[in-house]
Structures are given as C-alpha cells and as structure tokens.
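Below you'll find the structure, written out as structure tokens, and then a few comments.
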Amino acid sequence: MKKLIMLLLWGSFAGYSQEISLSGKVVDGSNQAVPFADALLLQAKDSVGYKTAQTNESGGFYFTGIAKGDYLIKIKTIGFEEYYQKITLQKDTILDVLSIKEISNNLDNVTVTSKRPIVKRQVDRLEFGVENSSLASNNAWEILGKTPGVITSSGGAISIRGSQSILVTINDKKVYLSGEELKQFLESTNGEEVKSIEVITNPPAKYEAQGSAVLNIKLKKNVAQGYKGSLNTAYIQSMYPKGITSVNQFYKDKKLSLEGRYGFGSGVYVNEGIDVVQYLKEDRSVDSRWESIMTRKSKSLAQHSYRLQASYEIDSLNTIAIGATGFIGKKQVGDFTVPTFIYGGNGVLDSLYVTRNNRRNPLTNNACNMSFEHLFSEKEKVSVAADYTEYWRQERQDIASAFSLPEQDPYRSGRFISDNVQNIQLFSAQADYSNENHGTLEAGLKFGNVKAESNLDYKDEIDGSFVNNPNRTSLFLYDESILAGYGSYNKEFGKWSFKTGLRGEYTALKGNSVTTAEVNEQHYFKLFPTFYGLYKAAEGHEIGLSYGKRITRPQYSRLNPFRSYYNSYSYFMGDPKLLPTISHNLNLLYTLKNKYNFDLFYRLEKNPSMEISYQEYDTKMLVYHFTNIKKDFAFGLEFNTNLTLYDFWESGIQAGLSYVEDRFQGRDGNLYKNGKPTYNTSISNRFVLNKKKDLNAELNFQYNSSSVQGTFVFSQTSNLSAAIRKKIWAGSGEVYAIISDIYRGEKEKVATNYADQYNYFKSYGDSQSIRLGFRYNFGNQNLVSKKKESETEEQKRL
C-alpha cells in the first residue's frame with residue numbers, strides 16, 4: 001500500500017511537472033506598456049486557437065497548462081497592427097519584450113470609436129466590451145440597456161431573466177443605489193469611462209450570495225499621468241421638462257491619483273394610471289367595480305450625485321485608496337388628486353370619493369470606503385477594505401378624502417397624516433487573498449452589519465386637530481449581521497477551463513416591532529457552492545456549464561408589519577417573518593465563432609418573497625402585501641450577437657424564450673399557480689453617416705411579451721428609440737439628440753385574477769421624451785503613460 005501511495009504521488013507530481021507556462025510583455029514603439037491587449041496562443045499547424053489571455057496594465061500576459069509543441073502567438077488591440085511570432089515550447093518560457101506598431105492617425109484630440117462592441121465568453125461570466133467602441137458616446141445607463149441579457153425600463157428597473165434581484169457593482173464594489181437613483185447616477189456617467197459590463201448570472205464565491213445575478217460595470221483605469229476632464233449637459237422634454245448636468249475630472253502623478261464626478265438633475269416626473277378593483281359574487285359576476293384615475297406629478301427640484309476617489313501608491317508593493325459615493329435629493333415633492341368611481345353590478349355609477357395626497361419624500365444616500373493592498377509578487381496579493389453607508393428617507397403624506405357612499409352619510413370627509421422615516425446604516429469589512437502562480441486561488445472573509453429604524457407616525461384629523469392613532473403608529477427596529485468566508489480555484493487544462501468555489505454565510509437578525517412588543521429572531525448558516533466549466537472544442541466553438549446557489553434576503557423596510565396607507569381603502573404592509581429566498585441556477589452555454597452566444601438555463605427559487613395584492617371583501621380594502629410564496633421556477637433559451645452588417649452599419653441582437661411559473665397560496669387557503677411562456681427581444685442598430693465617422697445615428701427596438709410574477713400578470717411592452725450624434729471642435733465636443741419610446745409602447749397593465757380576486761392597474765411612466773445634449777472634453781485627452789504600473793484588485797474598485 002505504501003508503494004502504491006508513493007507511485008500515485010509521483011505520478012501526480014510528474015503530471016504536474018509536465019505543465020508548461022509562457023509569459024511575456026507587450027510594449028509600443030516608445031517602449032511603454034500596452035494594457036488590455038488580446039494575447040492569443042494558436043497551434044502552429046492550422047492556426048487553431050489554443051488559449052487566450054489579456055495583458056494587464058503593465059503589459060504582461062501569462063499562459064499555463066500548455067502542452068509541448070509548436071505555436072503561433074498573436075497580439076491584437078485597437079489602434080495597433082496585429083503582431084505574430086512563431087515559438088516552440090519544450091519548457092517554461094519567458095519571451096523577450098514584444099513591440100507592436102501603432103496605426104498612424106493624424107487626427108488631433110479625436111478618439112476613434114468605430115470598433116464594434118465585443119462579447120467575450122469567460123468561464124464564469126459574459127463580458128460586454130465597449131471600450132473605444134461605437135457605444136462610447138452613450139452614457140452608462142444607455143450602455144446597460146444594450147448589454148446582452150439585460151432589460152432596463154424608463155423607471156430605473158433592471159432585470160435579468162425576469163428577476164429584478166440584481167446586485168449592481170462598479171469595479172466589483174457594491175453600489176448602494178437602486179431604481180431611479182441608480183439610473184440618474186449612471187446617466188451622468190460618461191460612456192467613454194466604461195471599459196466593459198460583466199453579466200454574471202451565476203456569481204462566483206467571491207461575490208456575496210445575495211441576489212440572483214451580478215452586473216459589474218468596469219470603469220477604465222487611467223494609467224496616464226496628467227489632468228483631463230469632461231462636461232456633460234442635457235435637456236429632456238417629456239410631459240414636463242427635466243435637466244441634467246455632470247462634470248468629470250481626473251488627475252494623476254507618479255504616486256497620487258484623484259478622480260471626481262458630480263451630477264445635478266432637476267425636473268418633473270409624471271406617472272399616469274388607472275386602478276380597477278372588482279368585487280365578485282359567488283358565480284364571479286360583478287357585484288361592484290371601483291375605478292381610480294391617477295395622475296401622479298412629482299417634482300424633484302435638486303438631485304445631487306457624486307463619486308470621489310483617491311489612491312496613493314506608497315511604493316511598488318503597497319497602495320491605499322479612499323472614496324465616497326452618494327445621492328442627495330431633499331427637494332422631492334408630489335401632489336396627487338385621485339377620484340375613485342364606484343359602479344354597481346349593472347355598471348351604473350353609485351358613488352365616488354376623491355383623495356388628495358400631498359407628499360414629501362426627501363432622501364440622502366452616502367457611502368464612504370477605504371482599502372489597502374499589498375503585493376507579494378505580480379501574481380500574489382492581499383487586500384483589506386471597509387465601507388460605511390448611511391441611507392435616510394422620509395415619506396410624509398397628507399391625505400384628504402371626500403366621500404359620497406350610499407351606505408353612509410351622503411357626504412363626509414376624512415383626513416390623516418402619515419410620516420414614515422427610515423434610517424439605515426450599513427457597515428462591512430473584508431479581506432481578500434489571491435494567488436495566480438498555478439491557476440488562480442482566491443479566498444476571503446467578510447463581516448457586514450445593518451441597523452435599520454423605521455418610524456411611522458400616523459395622525460387622524462378630529463374636529464380640526466390632528467390626533468395620534470396608536471393602532472396605525474409604529475416603531476420598527478432591525479439588526480442584521482452576516483459573517484462570510486469563501487474560497488475558489490480556477491485553472492486551465494489545455495482546451496478546458498474549470499472554476500469551483502464555496503461560500504459560507506452565517507446570518508443573525510432581529511426584527512423588533514416596538515409598538516406591539518413583537519420580536520422576530522432568525523439565525524441560520526448556509527453554504528453556497530458554485531461550479532463552472534468551459535471547453536474550447538475548436539477554433540470558434542466554446543461549450544460551458546455552470547451551477548450556482550444563491551440567497552435573496554428581503555429589503556429591511558419590507559420586514560415592517562405595519563400598514564402604510566395610500567388612501568382610505570388601500571395600504572401596503574410587510575411581514576416580519578419573511579424567509580430568505582434560496583435559488584438554484586443551472587446554465588448550459590455555447591459560443592460560435594466568438595460571436596454568437598447561446599444560453600440554456602433553469603432556475604428554481606424556494607420561498608421567493610414578493611409583493612402580492614388581494615381584496616378584503618368585508619372592509620373593501622385593497623392590500624399590497626410583501627410576503628413569501630411557495631416557489632418559482634423558470635427555464636429558457638437566450639441568444640445574443642453583435643454584427644457588422646456593412647462598414648457603416650453595426651447591429652446588436654438579443655432574444656430570449658422562456659417559461660416562468662409561480663405557485664402561491666390564495667386568501668381562501670387553496671394553492672394556485674401562475675405561469676406562462678414569455679419572449680423578449682432587442683435590436684440595437686448603429687450607423688456611421690459620413691466618411692469622417694463623426695456623424696452617427698442609432699435606431700433601437702425592445703419588446704417584452706406578457707409575463708408573470710407572484711399573483712400578477714404583466715402585459716406586453718415595447719420601446720422604439722432613435723438617436724443622432726455629431727462630434728464638433730475636432731472631436732473635443734459632441735452634440736446629440738435622442739428620442740425615446742416614440743409611440744408610448746411602455747404602457748403596461750398588471751392584473752390579478754384568481755378565485756374571488758380580480759384587480760388590475762394600468763400605468764405609464766412618462767417614458768416618451770426627447771433629449772438634447774452636449775458634451776465637451778477638456779484637459780489633455782491624449783495622455784501618455786510614463787510609468788510602469790500593475791493593476792491591483794482594490795485599484796479596480798476605484
């Protein structure tokens with residue numbers, strides 16, 4: 001037995017020792033490093049692709065797991081001629097410096113953006129490369145909407161495969177913004193700052209297990225020394241005018257890097273809708289019909305967003321960084337008047353009531369972060385980071401109703417004030433280690449804590465005075481701590497790439513409804529395994545398989561059981577006993593010719609939490625309740641590609657066909673299912689209209705078929721938009737016009753229809769608009785890197 005073990009060990013060691021590595025460095029004619037160039041290792045016999053890599057910011061590239069033989073190395077990147085070199089490998093090899101020639105360009109201060117976006121399949125994600133592409137003139141939000149697999153709406157919603165539980169990160173750093181806040185933040189982010197967008201449907205162990213998918217927006221890292229900046233401004237006309245202005249600035253010397261972005265927005269936002277509730281008899285004939293007509297007009301007079309980052313290189317091995325990100329909108333007001341018409345079963349108007357809602361909802365969201373990184377070598381490093389976020393929001397409503405109901409006094413009125421203040425504090429600290437010497441090993445620890453306070457003050461008007469209503473007043477306290485650890489490893493074996501990981505998270509939470517002395521505590525530990533495999537069968541053929549387990553914890557405000565009233569007959573309530581949602585995701589991937597991507601997927605969610613609506617017949621209340629349903633599952637096929645149809649015409653195409661089904665328990669205690677096939681497609685067309693390539697146009701179309709979520713059935717929506725852009729002042733400036741939702745295709749109907757439940761609402765979010773914009777670049781836009789630098793993980797997070 002001892003000899004057998006020694007033989008197995010020797011065989012393993014011998015097999016390991018046969019692996020050959022290849023490394024090198026790519027420079028330009030001035031002997032400066034060329035970062036982010038594609039390095040391809042081809043088989044010399046037939047030029048079939050064998051391995052691919054990308055140079056880091058010091059121009060270095062590295063291949064492992066290579067068999068002995070003859071190869072051809074190819075270097076290519078935008079703005080340079082392709083480079084080829086034949087090599088024979090018998091042992092670990094370090095190549096001499098590879099010098100590539102720059103393509104001559106006589107245009108001063110012009111950034112050429114004619115390259116089509118590149119979709120690159122990696123072992124654990126899909127990378128949508130937009131750097132120096134025809135999309136660079138768009139802002140970051142517009143680019144997000146054209147990213148394969150991603151669907152955005154005019155209201156700021158982001159969904160992947162029908163799920164809106166998306167973790168958004170910038171350079172792998174979590175962004176504590178959502179909805180309209182995130183949209184406005186990204187709208188003021190230059191598309192020229194964006195390097196790529198990573199769509200991670202099965203996030204690896206390094207990412208926190210929260211959420212169904214991760215969208216990582218990778219911003220460019222400036223390696224050049226000097227100062228540059230840009231100014232952007234736009235006027236948007238929808239039903240009412242809006243405006244947005246942002247300024248971006250960057251400075252770098254040998255050790256210090258400073259970056260700042262500030263955006264300001266102001267405007268009036270409108271949401272039009274009709275709410276319909278039908279109360280049914282036992283034979284499902286109509287007993288009464290309540291119809292509310294709404295025009296919600298909200299003013300946001302001053303929206304401020306900012307991002308500040310600074311990093312300092314202590315020496316070649318140690319770097320520190322600090323930063324801050326935030327959104328401030330304190331002047332946000334609304335004044336809604338909503339008439340509700342009540343019809344009898346015969347369709348004749350019986351009575352009505354009118355509700356006026358005077359609303360104030362200021363908010364602030366500020367986060368700061370700091371990090372330190374130490375390099376043991378070019379391929380081994382450790383980093384520590386911490387961040388703190390404080391989110392504050394107030395929703396003050398003054399609701400007055402005038403009633404004319406047949407069962408009550410002919411005329412009466414009522415009024416109440418609700419003041420809901422949320423204060424949430426988040427802290428996290430983490431340490432990460434990575435080693436790329438033999439494959440890539442990653443490991444880390446993270447601690448996170450959330451403290452949230454929701455204080456709802458409710459007062460009724462009685463005889464001209466406001467009196468506290470203790471039955472509707474509440475104080476809810478929430479405390480959550482998460483301790484997580486992870487490890488992952490990935491390696492290439494010839495044509496195979498594998499990555500596997502395991503993340504463990506221990507969660508301790510306590511929800512305290514102080515008003516009722518109801519305390520809910522949960523303690524649980526969950527393991528989240530991930531696995532990825534990618535096989536490069538031949539040149540232009542890649543097959544992949546991935547599996548991941550995820551968790552979705554409910555938002556803190558949705559754990560509050562108390563009622564937040566929209567009017568006298570409608571309210572929202574949370575659930576302090578909400579369970580976390582556990583999801584399992586399985587993907588089978590295929591890529592053809594590095595261009596056509598197919599993704600066959602299956603998703604199963606246990607105890608998904610979502611908003612459902614139901615009617616209380618005895619009180620005539622319409623309740624929106626955030627709670628757990630039994631399960632959700634979906635399966636389908638997605639496709640995307642980016643094509644150059646002609647020299648002047650590029651097209652990005654994506655489509656998806658899936659089946660989604662939710663199962664839930666109705667008010668009558670019975671189990672119901674809500675499922676249907678869904679289809680979505682989007683086509684993004686980009687045109688070059690002149691020889692100088694400084695006049696461009698876009699025509700984009702997006703369609704989403706009817707879909708389901710919980711008790712709801714969503715109607716189909718579509719969006720047709722167009723844009724034209726013209727560079728001016730030798731490329732330093734640009735003017736553009738964008739027309740969105742040309743025929744108002746984003747009108748939507750959301751219905752609930754089962755048992756004795758029938759209600760729906762139709763809404764339109766003022767998405768039809770025309771945007772007129774101007775952008776100007778100042779400073780030295782053609783900075784030349786003067787110094788060798790190596791990219792670090794925490795610097796990526798700047």
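For the pair Lys491 and Phe493, the cation-pi test (distance below 6.0 Å, angle within 45°) is passed. Figure legend: cation-pi geometry between Lys74 and Tyr83 absent, as NZ or CZ is not positioned both under 6.0 Å from the six-membered ring centre and within 45° of its axis.
With hydrogens and angles left out, the side-chain atoms of Glu127 and Ser196 include a donor and acceptor closer than 3.5 Å. Checking Glu442 against Ser488 by side-chain atom types alone, a donor-acceptor pair falls below 3.5 Å. With 3.5 Å as the limit, one finds a donor-acceptor pair spanning the side chains of Tyr84 and Glu82. A side-chain N or O of Ser682 and one of Gln654 form a donor-acceptor pair less than 3.5 Å apart. In this model, a donor atom of one side chain and an acceptor atom of the other lie less than 3.5 Å apart for Tyr486 and Asp432. Residues Asp172 and Asn216 bring a donor and an acceptor atom of their side chains to less than 3.5 Å of each other. Between the side chains of Tyr590 and His541, at least one donor N or O lies within less than 3.5 Å of an accepting N or O.
Not one N or O on the side chain of Glu380 forms a donor-acceptor pair closer than 3.5 Å with the backbone of Ser377. Side chain of Ser721 to backbone of Ile738: no donor-acceptor contact under 3.5 angstrom is found. For Asn171 (side chain) and Leu219 (main-chain N/O), a donor-acceptor pair under 3.5 Å exists by modelled atom type. Listed for the Thr93 side chain is a donor-acceptor partner under 3.5 Å among the backbone atoms of Lys91. The backbone N or O of Pro529 sits nowhere less than 3.5 Å from a side-chain atom of Tyr547 that would complete a donor-acceptor pair. In terms of modelled atom types and a separation under 3.5 Å, the side chain of Thr55 and the main chain of Ala37 share a donor-acceptor contact. Asp92 places a side-chain N or O within 3.5 Å of a backbone atom of Ser21 that can act as its donor or acceptor partner. The backbone N or O of Lys595 lies less than 3.5 Å from a partner atom in the side chain of Thr641, making a donor-acceptor pair. Checking side-chain atoms of Gln210 against main-chain N and O of Arg553 turns up a donor-acceptor pair under 3.5 Å. A donor-acceptor contact shorter than 3.5 Å links the side chain of Lys51 to the backbone of Thr64.
Look at Arg603 and Asp632 and you find a salt bridge, because one of the NZ, NE, NH1 or NH2 atoms lies within 4.0 Å of a carboxylate O, short of that distance. Between Lys76 and Asp38 there is no salt bridge, since none of the side-chain N atoms of the basic residue sits less than 4.0 Å from a carboxylate O of the acidic one. With respect to the salt-bridge test (charged N to carboxylate O, under 4.0 angstrom), the residues Lys676 and Asp662 do not qualify. We find that Arg125 and Glu198 are joined by a salt bridge, their nearest charged nitrogen and carboxylate oxygen being less than 4.0 Å apart. Contact check on Arg503 versus Glu505 returns a salt bridge, with a Lys/Arg side-chain nitrogen under 4.0 Å from an Asp/Glu carboxylate oxygen. Ion pair Arg686/Glu650 flagged as a salt bridge, since at least one NZ, NE, NH1 or NH2 atom sits closer than 4.0 Å to an Asp/Glu carboxylate oxygen.
Heavy-atom contacts from other residues, nucleotides or ligands closer than 6.0 Å to NZ of Lys606 number 12 or fewer. The environment of CG in Leu527 is crowded: more than 12 heavy-atom neighbours from other residues, nucleotides or ligands sit within 6.0 Å.
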Side chain to side chain contact (heavy atoms under 4.5 Å, CB included) evaluation trace for Val150 with Leu215: CA-CA 9 Å; Val150 180; Leu215 272 178; 3.7 Å; yes
Verdict with reasoning, Glu605 to Lys631, per salt bridge (charged side-chain N to carboxylate O under 4.0 Å, His left out): CA-CA 6 Å; Glu605 293 184 342; Lys631 74 173 184 177; over 6 Å; no
Side chain to side chain contact (heavy atoms under 4.5 Å, CB included) for Asn202 and Thr530? Distances and angles first, verdict last. CA-CA 8 Å; Asn202 266 345; Thr530 53; 6.0 Å; no
Please test Glu698 against Lys146 for salt bridge (charged side-chain N to carboxylate O under 4.0 Å, His left out), starting from the C-alpha separation and ending with a verdict. CA-CA 12 Å; Glu698 294 182 21; Lys146 296 167 186 173; 2.4 Å; yes
Stepwise side chain to side chain contact (heavy atoms under 4.5 Å, CB included) test for Phe128 and Val130: CA-CA 6 Å; Phe128 187 51; Val130 298; 3.5 Å; yes
Walk me through it: do Phe376 and Tyr433 pass the test side chain to side chain contact (heavy atoms under 4.5 Å, CB included)? CA-CA 10 Å; Phe376 298 103; Tyr433 169 81; 4.3 Å; yes
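Looking at heavy atoms from C-beta onward, Phe601 lies out of side-chain contact with Leu589 at the 4.5 angstrom threshold.
When the salt bridge (Lys or Arg N to Asp or Glu O under 4.0 Å) test is applied to Lys549, no partner is found at least two apart in sequence or on another chain. For Arg550, there are no salt bridge (Lys or Arg N to Asp or Glu O under 4.0 Å) partners, not counting sequence neighbours. Looking at residues two or more places apart in sequence or on another chain, you find no salt bridge (Lys or Arg N to Asp or Glu O under 4.0 Å) involving Lys195.
Of all the heavy atoms in Val214 and Pro203, the pair that sits closest is CG2-CG, 3.5 Å. Thr201 approaches Ala213 most closely through the heavy-atom pair CA-CB, 4.1 Å.
Using bins of under 30°, 30° to 60° and over 60° for the plane-to-plane angle, the ring pair Tyr596/Phe639 lands in the parallel bin. Tyr679 and Tyr703 have tilted rings, their planes meeting at an angle from 30° to 60° on a 0 to 90° scale.
For the atom pair CG (Asp28) and NZ (Lys101), the distance works out to 13.0 Å, reported to the nearest 0.5 Å.
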